[in-house]
Amino acid sequence: MCGINVIVDKTRLLDDSYIRKMNIATMHRGPDHSGSCFFQNPSFNIYLGNNRLKITDPHSRADQPMISDDQRFAISYNGEVYNFRSLKNALSSEFAFKTDGDTETVFLNLIKNGINAASAFQGMFAFAFYDHIKETITICRDERGIKPLYYFEDENYFIISSEIKGILATGLVKKELNENELYHYLQFKYARRPYTFYKNIYELEPGTFLCLNNHYQKVSQSFVSTSEENSPFVKKDYSKAEILNTSEELIRQAVKEQTYSSGATGIFLSGGVDSTLLLAFSKELFGSGVRTYSIVNTREEAWAGTEDFSYSRLAAKKYQSAHTEVTISSSDLGRLDEIIQKLDQPIADSALLLTYLLAEKAVKEVKVILSGAGADEVFAGYNRHKAFNLYLKYFQNTLAIRTGQFLGEIPSYKSKSLRLIARFLSELDEDPQTTFYNFSNLKFRDVLRSEVPETAWSKDNLLQAALNYDRDHYLVSDILNLTDQMTMAHCLEARVPYLDKHIVAWSETLGAQTRLQNGPKWILKELLQRKDGEEFVKRKKEGFGLPLKSWFEKEEGKHLLNQLREKNQLLYRYFPYYKVEQLIEHQKRKSLDYTAELWALIVLSRWLRLNFE
């Protein structure tokens, strides 16, 4: 894993100190080597920088930026292309390879085939590719958005980095808050791509490339083929056995390809279906002793957390992993500012703290970690997927919706099951797209302007549209974003087998109804049952998050809430103070549960303090 940094200097006045600043600011992405190169041409000067975390080829011969022998091409690359060996074999008669890693293979494929080569890459990647003769710089990001890439442009510079903090480190970009994204965050929990929390800094969309030529003209388009002819799978009615057998083989292959070696790769283990299945496959492929890492609550707080710790212990024992536990407590809230400082942008997801703490522990023993991220989006695993399916079947009439909304107003603070049912009923709307948004959005609609969707969903297959929305937005901007930043903050490379190119294509071939026909994530559950994991299948679904509701009742949580109530802070230029008072009062009285909303406000207020006050 690496960090990409690029400066296109249209003024031709900068020196290399600016690219060094970018490398220093993003050193955590690749502490094993930091390098840069410089090209001068009539239109602009260009600096390419890179911080490298050495994984597949640990030798200096694979350091970056990588430059072609004829000095025409250069690349700064981040990621892992897992099929690089087959791509390398296809080029072996034309090129003399000097390294054993994937960077050179990616580089030479781009030299030969241009940007179209990216469609053949299976893995996670982002890169900046420079052609000195054509005077073009092309940036590109994998189609699932696993690896990030950001850019800024004005009349003087075009600046690119794996992290926004790399762009800001140059001192060439005015640091301005993009106020519009605060409102998007307070509904959707993250910024809306391609925009960011900073004016004039943009996030490259997944599956796209952007090319800047010597006339400073930009061309941006997708490199992903939408033709069904290019899919490795045919759409048809598969039997249950065919679905399970194909899914099993694809996941096994992904785990095999993405495991660096049995001794150098670990697994984030929650004891849920997704991570336990990864462990079961790893046990089959590599035997016992796979390293696993789990979060546990202190003995005093065990009642307030999830059941993850007991199931992760059971999974580690059953599949004979070398298990490590990271004990958390409300005292870890004291590290919140430290963690938020690592974030380019606020994300209203408490999993960021857990991922940070797990990565901090795991990196002492491994350089690569497998995560179950993406399984819920690919195999339809969220409660809201099931709820939306029920809505489409039974609640698309005015009387049913109004009845549901009335029942949903009944207080249900103590029971998690009743809270879920009440939320489902109270969030119903006559518009299906609005209903699905309501299932996952924060409850601030009464005080915020409503976000109008940029594109309306097709009425032909609303369930498929909902699954696509989670895959293309929530997964990328929340889960993958925090996973990348929280693991790379500790120089740990996270890999996500469920987002393997073939697995995603296979799931899309099956369609939304098939993926939900036997309940959420039934395919993965049945595969785990095949591997003697019935007890993990029968457990209740729990998200990967903190026991925040109970922590807000402890001193550390009360301290955060008291700080949130301080009136003289930037947050209250955009959000009404009285609403925060209402939320905290409800939380204290246990009349309504606003844990998620309060956490979102805490993260946002502290991020604003650290970055703009």
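Here the structure is a predicted model, which means the values were calculated and not measured.
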Ring centre gap for His490 and Tyr356 strictly below 6.0 Å = yes
Kindly say whether Glu205 contributes a backbone atom to a donor-acceptor pair with the side chain of Thr208 at under 3.5 angstrom?
-> yes
Asn83 side chain vs Ala120 backbone, donor-acceptor pair below 3.5 Å = yes
Are any side-chain N or O atoms of His184 and backbone N or O atoms of Tyr190, one a donor and one an acceptor, separated by less than 3.5 Å?
-> yes
Neighbour count above 12 (heavy atom, 6.0 Å) for Lys386 NZ = no
Does Lys531 NZ have over 12 foreign heavy atoms under 6.0 Å away?
-> yes
With a 4.5 Å limit on heavy-atom distance, are the side chains of Cys140 and Phe125 in contact?
-> yes
May I ask you to check whether Phe188 and Tyr437 place their ring centres under 6.0 Å from each other?
-> yes
Who are the salt bridge (Lys or Arg N to Asp or Glu O under 4.0 Å) partners of Lys367, not counting sequence neighbours?
-> Asp32
Taking the six-membered ring of Tyr474 (Phe, Tyr or Trp), confirm whether the NZ or CZ of Arg384 is under 6.0 Å from its centre and within 45° of its axis.
-> yes
Consider only side-chain N and O atoms of Asp470 and His385, and report whether a donor and an acceptor are under 3.5 Å apart.
-> yes
Going through the checks in order, is the side chain to side chain contact (heavy atoms under 4.5 Å, CB included) test met by Asp344 and Tyr150?
-> CA-CA 10 Å; Asp344 275 334; Tyr150 300 91; 4.1 Å; yes
Does Arg85 CZ have over 12 foreign heavy atoms under 6.0 Å away?
-> no
Check step by step if side chain to side chain donor-acceptor pair (under 3.5 Å) holds for Glu203 and Thr196.
-> CA-CA 7 Å; Glu203 181 177 356; Thr196 71; over 6 Å; no
Around atom NZ of Lys318, are there more than 12 heavy atoms of other residues, nucleotides or ligands at under 6.0 Å?
-> yes
